[in-house]
Every structure is written in structure tokens, then in C-alpha cells.
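Below: the structure, in C-alpha cells.
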Amino acid sequence: MLPYEEFLEEILIPGNVLQARIAELGEEISRDYEGKSVLLVCILRGGVMFLTDLMRTLTIPHAIDFMAVSSYGTGARQSSGQVRITLDLQSSIEGEDVILVEDIIDSGHTIASVIELLKTRQPSSVRVCTLLDKHERREAEVPINYCGFKIPNKFVFGYGLDLDEYYRNLPFIGVVKPDKYIPPD
Ligand code: IMP
Ligand code: MG
């Protein structure tokens, strides 16, 4: 793989701006759930960076668990409307206050399917916390309770989001050069 600079059109959200907003989200969540404890469910793999930074800003007791899903379609961006669970939760969520932690909500199909599935397991509540919201591309109706940033309809990478699995480590969100990378459909 080439150095990430080859693919970077511009930095959309610098690292310090990400961290400041994540701290605000952590405060808001800690206030909303005061006196309770929550289960953070991270959707692998893109949500990992966001999860670990968000956790450090929470003052309420919380546990974490992970899920991985893949679209029935040809690629991560395929809006087939159905997802397949490739890794399920280890914990029972019955009676738990669950917060789904996502990197980005695009068409909304992924998170909509996950919510539908989790609700069959009798959690006390399910809320959604996403770092990025590509709202122009929404197809499924998704209640977003906590949102870091609304972003334009551009393919982005870094801070958990990948280009062919690379560059998740970057501390910022960057826009990909359209002529250098074709996103999976
Ligand atoms: P949705 O089901 O269309 O909302 O798709 C959400 C998933 O598509 C995210 O969890 C990402 O894995 C992927 N995705 C959507 N847009 C981008 C992007 O700009 N960069 C990297 N991955 C993206
Ligand atoms: Mg994802």
C-alpha cells in the first residue's frame, strides 16, 4: 500500500477537533445516563478508534462489546438493506441500556438492521452514537441520538475508517482523492 498522502485530497476534520467533539459527546452521554450504567456496542471495525476515545471521556460505569456485520451486496457501501452478522455479541443485552457506537452512517441500512435485531433481545433501551453522519445519502430512517459531525457526500478515511483496510490509524478524517481511489459500491 502507498503512503496515505497519495490518497489524501484534504483533511476534513483535524485530530484536535475530533477529540474536542468526542469529549462533548462523552459529557452529554454521561449526563443523560447519570445514575445508570450502559453497554457500548461497537460495530467493527470502523468504530474502534471512536469507541476507545469516547470511553475515556465517559464518567458513567460502562461495559463494551463488539459486533461485526457485512452487507448482503457487493461491498461495504452497498445499500442492499440487509446485513449479515459475522460476529455476534458475547453478552446478553436483556434489560441493558445499549448505545451503538458507529464510525459513520451513510445509507443507514447497516445501523437500521442492527437496531432491529438488537431490539428482539429485550434491551431496556437502544440509542445510536455515530461519529459521522453522511445525511445526504440516507435511505433508511435511523434515529441518531448522538452525532459528532455531519459531513458532505464524499468518501472519507482515517480515524477508524479504511481504504481497503488501510489507514485506520490516522488521527484525522480525510477526504479521498476521487481520481485515486474507487470506493467499494
Ligand atoms: P450504511 O449501511 O450505508 O449506513 O453504511 C455504513 C458503512 O459503510 C460504514 O459503517 C462504513 O463501513 C461504510 N462507509 C460509508 N461511507 C464511508 C466512507 O466515506 N468511508 C469509509 N467507509 C464508509
Ligand atoms: Mg463501519
Side-chain angles (χ1 to χ4, degrees), residues 1-2 4-15 17-18 22 40-54 64-89 98-119 126-185:
M1 234 8 206
L2 295 164
Y4 76 85
E5 287 91 341
E6 298 287 324
F7 297 99
L8 183 65
E9 171 117 313
E10 56 162 338
I11 292 179
L12 185 67
I13 312 172
V17 177
L18 284 175
I22 292 166
L40 303 177
V41 170
C42 176
I43 315 287
L44 294 173
R45 293 179 279 264
V48 164
M49 298 278 269
F50 180 37
L51 173 78
T52 56
D53 281 338
L54 182 67
I64 60 171
D65 205 343
F66 298 90
M67 253 180 123
V69 298
S70 76
S71 314
Y72 285 112
T74 50
R77 298 184 81 209
Q78 178 70 35
S79 305
S80 56
Q82 276 296 314
V83 297
R84 186 168 52 92
I85 306 293
T86 55
L87 176 77
D88 205 345
L89 299 172
V98 173
I99 302 178
L100 282 167
V101 178
E102 255 285 37
D103 52 353
I104 185 166
I105 299 179
D106 190 23
S107 71
H109 289 305
T110 305
I111 201 80
S113 307
V114 169
I115 293 170
E116 199 179 315
L117 170 74
L118 294 189
K119 282 197 169 158
V126 180
R127 285 189 180 180
V128 174
C129 178
T130 187
L131 181 67
L132 306 175
D133 176 9
K134 229 189 246 183
H135 53 103
E136 288 164 34
R137 283 178 44 94
R138 196 62 33 80
E139 290 172 9
E141 207 187 310
V142 185
I144 301 180
N145 306 94
Y146 306 99
C147 171
F149 302 88
K150 288 194 170 184
I151 64 162
N153 183 16
K154 291 180 177 174
F155 202 76
V156 293
F157 70 112
Y159 197 73
L161 295 116
D162 68 304
L163 298 183
D164 295 341
E165 294 301 324
Y166 281 80
Y167 316 126
R168 296 188 193 273
N169 60 302
L170 298 176
F172 53 80
I173 299 287
V175 176
V176 80
K177 280 183 187 159
D179 56 330
K180 283 286 175 65
Y181 179 79
I182 300 152
D185 54 16

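As the structure lists them, so they are numbered: ligands from 1, and atoms in each ligand from 1. The structure displayed is predicted, hence computed values, not measured ones.
Under a 4.0 angstrom heavy-atom cut-off, Phe155 registers as being in contact with ligand 1. Distances from ligand 1 to the non-hydrogen atoms of Gly108 include at least one value under 4.0 Å.
What you find for Gly108 and Val142 is that their closest heavy atoms are O-CG2, 3.5 Å. Heavy-atom minimum distance, His109 versus Glu139: NE2-OE1, 2.9 Å. The shortest heavy-atom contact between Leu131 and Phe50 is N-CE2, 3.5 Å.
The residue Arg137 has no part lying near ligand 1, judged by heavy-atom distances below 4.0 Å. The side chain of Leu161, and not its backbone, has at least one atom closer than 4.0 Å to an atom of ligand 1 (non-hydrogen atoms only; side chain from C-beta on).
The residue among Asp103, Asn153, Asp106 with a heavy atom at the shortest distance from atom 12 (O) of ligand 1 is Asp103. Within the set Thr110, Ile105, Ile151, Val69, the minimum heavy-atom distance to atom 2 (O) of ligand 1 is found for Thr110.
Each of the following atoms of ligand 1 lies closer than 4.0 Å to a heavy atom of Lys134: 16 (N), 17 (C), 18 (C), 19 (O). Residue contact check: Lys154 has heavy atoms under 4.0 Å from atoms 19 (O) of ligand 1.
Between Val156 and ligand 1, a contact under 3.5 Å exists for at least one N or O pair.
Shown here are the side chain to side chain donor-acceptor pair (under 3.5 Å) partners of Asp65, two or more places apart in sequence or in another chain: Ser91.
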Let me check something: any side-chain donor-acceptor pairs from residues 156-166 under 3.5 Å, sequence neighbours excluded? List them with distances.
from   : atom 1 : to     : atom 2 : distance (Å)
Tyr159 : OH     : Met49  : O      : 3.3
Tyr159 : OH     : Asp53  : OD2    : 2.6
Asp162 : OD2    : Glu165 : N      : 2.7
Asp164 : OD1    : Tyr181 : OH     : 3.1
Glu165 : OE1    : Arg45  : NE     : 3.2
Glu165 : OE1    : Arg45  : NH2    : 3.3
Glu165 : OE1    : Arg168 : NE     : 3.4
Glu165 : OE1    : Arg168 : NH2    : 2.6
Glu165 : OE2    : Arg45  : NH2    : 2.9
Glu165 : OE2    : Arg168 : NH2    : 3.1

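For Phe155 and Phe7, the ring centers sit 6.0 Å or farther from each other.
With rounding to the nearest 0.5 angstrom, the CG atom of Asp106 is 7.5 Å from the CZ atom of Arg138.
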